[in-house]
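First the proteins, then the strands, lettered A, B, ... as listed; each starts at 1. Quick caveat: nothing in here was measured; it's all calculated off a predicted structure.
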Protein chains: 2
Amino acid sequence: MADKAGGRRGRRAQGQGAEARPDEPILTRERIAATAVDMLDAKGLDGLTMRGLAEALGSGVMSLYWHVENKEAVFDLALDTVLEYRGPTALQDWRGDIVHVLEDWRATMLRHPWSALLLPRRALGPNILVRLERLSACLSAGGVADVDVNAAIWSLWNYVMGATVTRASFGPSDADREASQERLAELGTLYPSIGRSGLLLDDDWDGTFRRGLDFLLDGIAPKR
Amino acid sequence: MADKAGGRRGRRAQGQGAEARPDEPILTRERIAATAVDMLDAKGLDGLTMRGLAEALGSGVMSLYWHVENKEAVFDLALDTVLEYRGPTALQDWRGDIVHVLEDWRATMLRHPWSALLLPRRALGPNILVRLERLSACLSAGGVADVDVNAAIWSLWNYVMGATVTRASFGPSDADREASQERLAELGTLYPSIGRSGLLLDDDWDGTFRRGLDFLLDGIAPKR
DNA sequence: AAATAGATTCGTACATTGTACGAGATTTGC
DNA sequence: GCAAATCTCGTACAATGTACGAATCTATTT
């Protein structure tokens with residue numbers, strides 16, 4: 001390797017890492033989080049290694065451990081970084097607002113597909129709670145009975161979660177898609193209904209998401 | 001893929017493994033799958049190692065690789081093993097049938113919580129397709145318009161998926177639960193709505209699942 | 001200026017993992 | 001009996017997370 005001998009390396013990173021401010025500290029939780037996000041975006045869930053992260057930051061591997069407990073903590077950090085909600089606060093049309101919150105949520109996660117795989121495995125960070133809070137407010141504003149609000153929130157959560165996790169895993173991978181396609185050969189005989197309807201061929205993910213969401217909201221909407 | 005050359009080879013293991021039938025082959029895809037399931041049930045997703053699996057089977061580690069491509073294939077095998085659908089075939093009440101299929105699906109996955117984490121990441125195995133086929137048939141029988149069937153299936157899929165994945169990760173872990181609880185302290189001020197409704201305190205998972213499912217089915221049910 | 005205490009960095013070492021490779025053993029087909 | 005096919009498995013290696021403790025840096029006090 002290049003930087004082996006001697007070893008009196010300055011605090012300046014000599015390498016390829018993202019480096020800008022001369023007086024910014026090399027290692028902070030924020031920089032670690034941001035770099036982890038970049039790396040996850042570029043190379044996926046398994047692509048993030050502590051060694052790689054350190055290299056990208058221009059630091060030694062073990063230096064990271066001063067700032068984060070372990071690799072799990074890096075995941076938590078990256079996840080919460082990505083899930084911050086920036087959106088309009090004003091609400092007028094409750095149903096439109098809900099749709100907006102959920103579509104934004106889904107879009108955010110799909111921009112960083114690893115987050116969809118990660119979120120269900122971790123505790124709810126503050127940025128998720130913000131989104132849930134907003135949902136709750138919309139539902140109440142929309143006249144959903146108090147006794148129904150919790151069930152409604154969870155069903156919406158479940159729906160976005162399922163849709164996004166599914167999309168994140170089936171979408172980008174060509175291998176999966178081919179496998180499904182291949183399976184369609186036998187579909188005709190074994191699975192008549194879903195064969196005929198072309199269930200697995202549908203790739204209008206956004207439209208399908210929206211239509212299913214409408215089903216759900218139809219069911220939730222206050223009946224009078 | 002299913003059957004190689006039929007052959008009764010009685011290999012004798014010298015070791016410590018679980019051993020019963022004298023003339024059953026030590027290693028088959030079925031035995032590997034079954035043992036993997038046991039091990040996953042006992043020790044979770046990260047608890048399954050090729051070495052551990054081999055030891056439990058009383059074989060050498062590398063012997064496994066004659067029967068399975070790699071560790072991923074073991075996951076696929078275990079997943080499909082667990083997801084086999086045994087249920088009544090007769091359908092009378094379409095809505096009741098759908099509820100049954102989905103509740104059985106969810107229950108099956110929660111009996112093996114790792115499966116919930118795994119399923120979204122893998123291609124759809126035959127046993128999943130059986131369940132989807134059944135859903136499709138129920139919906140059609142229930143008078144859901146053809147153009148709506150696919151969206152309905154996916155929304156049901158999304159819902160079960162989200163609910164189960166969420167339950168599987170939040171449910172058994174006490175740490176997560178404590179973290180949420182702890183967070184409730186600040187809820188009062190930061191998150192008034194979900195604080196007031198006790199969203200995170202609700203632990204009637206089954207009931208909530210059922211109520212949300214009813215919302216969704218209300219929305220899907222043929223209108224008029 | 002010198003000393004000291006804390007904060008931060010990081011090289012080395014190790015245990016664990018999946019699995020490539022190829023040699024050995026066993027079974028099957030003739 | 002023999003050769004090919006089938007199956008088993010020990011060894012070896014590369015990649016990973018991280019424990020440990022030494023080295024360096026910064027600020028504060030003397």
> Check the phosphate of C:dT9 against A:S63, side-chain N and O only, distance under 4.0 Å to OP1 or OP2. Yes or no?
no
> Taking only the side-chain nitrogens and oxygens of A:S59, find out if one of them lies under 4.0 Å from OP1 or OP2 of C:dT9.
no
> Whole-Å distance between D:dG17 P and A:I32 CD1?
14 Å
> Looking for any heavy atom pair under 4.0 Å, which part of the strands does A:L53 touch: base, sugar-phosphate only, or nothing?
nothing
> Answer yes or no: does a side-chain N or O of B:H67 lie under 4.0 Å from OP1 or OP2 of D:dT6?
no
> Starting at CG of A:N70 and ending at P of D:dT16, how long is that distance when rounded to a whole Å?
17 Å
> Answer yes or no: is there a side-chain heavy-atom contact under 4.5 Å between A:L40 and A:F75?
yes
> When you get a sec, tell me which of D:dT18, C:dT17, C:dT8 is the closest nucleotide to the side chain of A:M50?
D:dT18
> Need to verify one output field. Residue with the more 5' nearest nucleotide on DNA chain C, A:M62 or A:W66?
A:W66
> Any side-chain heavy atom of A:M109 within less than 4.5 Å of one from A:R167?
no
> Checking ring pair (Phe, Tyr, Trp, His ring centres under 6.0 Å) against B:F209, which of B:W105, B:Y159, B:F215 comes through?
B:Y159
> With nearest nucleotide decided by heavy atoms, which residue, A:E69 or A:D46, maps closer to the 5′ end of DNA chain D?
A:D46
> Counting only side-chain heavy atoms from C-beta out, which of C:dT19, D:dT18, D:dT8 sits nearest to A:R51?
D:dT18
